[in-house]
Peer 1: 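Mind having a look at this structure? Questions to follow.
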Amino acid sequence: MADLIKITMPDDTEKEVEQNTKPIEIAESISPSLAKKSVVAKIDDHFVGMNEGIRFSGKFRLVTKGEDEALKVLRHSTTHLLAQALRRLHPKIHFGVGVAIANGFYYDTDDSDESEKQVAADEFPKIEAEMKKLVQANIPIQHQIVSRKEALKIFAEDPYKIALINDFPADQEITIVKQGDYTDLDRGGLVPSTGWIKHFALTSVAGAYWRGMSDNQMMQRIYGLSEWNPENLEAQKKALEERKERDHRTIGKQMELFFTNPEIGAGLPVWLPNGAAIRRTIEDYLVEKERQNSYMNVYTPVVSNLDLYKRSGHWDHYRDDMFPAMTADDGEQLELRPMNCPSHIEIFEHEPRSYRDLPYRIAEFGQMHRWEKSGALTGLSRVREMTLNDGHTVVAPEQVEPEFKGILQLIRDVYHDFGFTDQDYRFRLSYRDPKNTKKYYDDDAMWEHAQAALKRAMDDMGLDYFEAEGEAAFYGPKLDIQFKTALGNEETMSTIQLDFLLPERFDMKYTGEDGKDHRPVLIHRGVVGTMERFVAFLIEKYKGQFPTWLAPVQAVVIPVNYGAHGDYARNIYSKLMKDGRRIKLDNRDEKLGYLIRDAQVNLKTPYILVVGDQELRDNSVTVRFRGSDQTKEMKIDEFEEMINDDVANYSKGSEKVREMLNK
RNA sequence: GCCGACUUAGCUCAGUUGGCUAGAGCACUUCACUAGUAAUGAAGGGGUCGGAGGUUCGAAUCCUCUAGUCGGCACCA
């Protein structure tokens, strides 16, 4: 007779069942519909397949369709389905690690034992067809525990699996999963049979280093989607297409914002007039905001003596990512700056400083040059020349926390003006990697102290954050503000970095109240990171439909008939331009509908001003707001008041504008 | 940098297995239309097919190298 085990149901009732009872039996005893939608079971944190025996007592739970965890199980199961199909088509193919990810799954493959060509996307239809056959066959999926020796034997032909097994701790139980003729190493969390996997698609293939280490062999990572129902799969595919419509590279072309070309050089973007208008608006806004917060705006050279970066440590840490130094005739070595903190330190050091000068705040919109690896370059998000919204404040040690809070407040004020909410971002405290302290400034006490100070400040402000080891700069820990982009990536928007190292390196000091020299702390901060990345972010966020205050062209003036109304249109154009608005006069000899369409679709301008006989007579314009087909005739002064108000409050009143038009 | 794919007019894309002066739509120019809220009609100009080398009687189509772009990986002060 089998032993009894005790399982605790989700409602806390306890049940005694025979060991090796199958979860499906328990589910069926509760209700057939539950059994039908249960994907897998869990005992405590361990997965048990629906048709596998429960071995231990513990908390019992069924994972059912509709839960996020069930979707992960499905996607994880799809990796095995893919592998089985691939093994049939490529008998000698090897597999690395396959996992479920946010929108789907991937599996790393290596077919180099079989052919010179790795699996490529043109084979997807064939692979998908093979996967469908396996689904049709509804092959059971069963786990089994094996000894290390058995496992090594089973996977003797699979070098990557052997490597995984050899890295398992000695006491780890090894489980494998059998799916017909296919066997994989697996911890559990799979659907009962291949028939459960119905709606999937392979999407792309890309290189990926084995175990994520660039010294290792490169494998082919096959990405795919997998969903419970066809609607979700279609929605996923559609989302992939919509990404392209939002992509700043696509919109950048359409709206003529910027370009790059090989003649100028890879990763060196050129800002066209429309893009430059957006950027200039943001720069002007931020310089003014910084001024209000007691920052002094400065300019420092784009090239500096290389010794400056040797002294700062940048040369040691980032030499490979810096442009090669230029050597002048007289032997002086000049370096395109990758950062401007050393120059800002020189500004602080330019005169003796007193404690009365602190916090000493300077800021600069400066162009930085970094030798980004060719494979990393992408549109405006990753470039070799970028304009950094950089600022440095020099503080006494006891001022670190209040200054940190002040900077964070400035950042949040800016977010408010741009209409970002706390749903858009999360705070990351970035610490050094405790396992690899060699990468960083060598002073354990400093690190402990600084990391604790950041944490304390965040706790004081009552802000939620997460902690990330290994993300710190070499000179100190930092707060990074991570934004979710419209395309679903996460990137650093703002950063506040504590630095105890550079003040040492540059022997920074100020005279204290006691008349003695003291060592200050340097805080690096960026409110919007680089202009390139920030504008790319905004393009994607707004899908090119910039709020009026940022729009490259805030209104287009369209004469009904250029011959008859062109002069009047030009007058309106000139008046609004003179008053500070960005206006385009469309002087093409085209029909009204055509010009309106062009302004809406391509320029995505907020306001269209149509003028014809009637407007000429009334000294007015007929206004149409982007996204609405309502029009309203108003006096020019009236319109000007409206658009100026729109700009002045960072377009937060654009709802009001629409209401006005709808009257 | 690494793996893979791609690269044809300003833009978006066609161009069968290599074979006649390389195509379309949009954009641009010109002409006609006194044009009222998401594309008026007609005509015209524009590319040697990313670059270099090679195979061939013949290459946008095949091969090699190179540059750039895209999808990822690694990197990201």
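All values derive from a computational prediction rather than experimental measurement. Just so it is clear: chains get the letters A, B, ... in the order the sequence lines come, proteins before strands, and each one is counted from 1. All values below come from the heavy atoms of this structure, side chains included, with hydrogens, waters and symmetry mates left out.
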Peer 1: Could you state the atom-to-atom distance from OH of A:Y562 to P of B:G36 in whole Å?
Peer 2: 19 Å
Peer 1: With a cut-off of under 6.0 Å to the ring centre and 45° to the axis, is A:R75 in cation-pi contact with A:F105?
Peer 2: no
Peer 1: RNA chain B in dot-bracket, Watson-Crick or G-U pairs under 3.5 Å, [ ] crossing, | other strand?
Peer 2: (((((((..((((.....[...)))).(((((.......))))).....(((((..]....))))))))))))....
Peer 1: Could you check how far CD of A:E471 sits from P of B:C76, rounded to whole Å?
Peer 2: 8 Å
Peer 1: Distance to the ring centre below 6.0 angstrom and angle to the axis at most 45 degrees; does that hold for A:R533 and A:F483?
Peer 2: no
Peer 1: Of all the choices, B:G36, B:C70, B:A77, which nucleotide is nearest to the side chain of A:V610 once you look at every atom?
Peer 2: B:G36
Peer 1: Could you tell me the separation between the CG atom of A:L377 and the P atom of B:C70, rounded to a whole number of Å?
Peer 2: 8 Å
Peer 1: Does the side-chain ring of A:Y223 sit on the six-membered ring of the B:G72 base, less than 5.5 Å centre to centre and under 30° in tilt?
Peer 2: no
Peer 1: How far, in whole Å, is B:C31 from B:G47 if one measures between their P atoms?
Peer 2: 23 Å
Peer 1: Do NZ/NE/NH1/NH2 and the carboxylate oxygens of A:R337 and A:E364 come within less than 4.0 Å?
Peer 2: yes
Peer 1: Give the rounded distance in Å between these two atoms: NZ of A:K478 and P of B:C76.
Peer 2: 10 Å
Peer 1: Of the options B:U40, B:G71, B:A38, whose atoms approach the side-chain atoms of A:S204 most closely?
Peer 2: B:G71
Peer 1: Give the rounded distance in Å between these two atoms: CZ of A:R384 and P of B:G1.
Peer 2: 7 Å
Peer 1: Does A:E491 reach a base, just sugar-phosphate, or nothing at all? Heavy atoms under 4.0 Å.
Peer 2: nothing
Peer 1: Are the charged groups of A:D321 and A:K373 less than 4.0 angstrom apart, N to O?
Peer 2: yes
Peer 1: Send over the distance from A:R382 CZ to B:G1 P, rounded to a whole Å.
Peer 2: 13 Å
Peer 1: Please tell me whether A:Q482 and A:E491 have a donor and an acceptor in their side chains that are separated by less than 3.5 angstrom.
Peer 2: no
Peer 1: Between atom CZ in A:R525 and atom P in B:A77, what is the gap in whole Å?
Peer 2: 17 Å
Peer 1: Let me see the working for A:Y441 and A:Y475 under ring-ring contact (aromatic ring centres under 6.0 Å, His included), right down to the final yes or no.
Peer 2: CA-CA 6 Å; A:Y441 171 41; A:Y475 46 67; 9.5 Å; no
Peer 1: Round to the nearest Å and state the distance from A:D598 atom CG to B:C26 atom P.
Peer 2: 14 Å
Peer 1: With a distance cut-off below 6.0 Å to the six-membered ring centre and an angular limit of 45° from the axis, does A:R624 pair with A:Y607 as a cation-pi contact?
Peer 2: no
Peer 1: If you take atom types as modelled and just measure distance, does the side chain of A:R626 reach the base of B:A38 with a donor-acceptor pair under 3.5 Å?
Peer 2: no
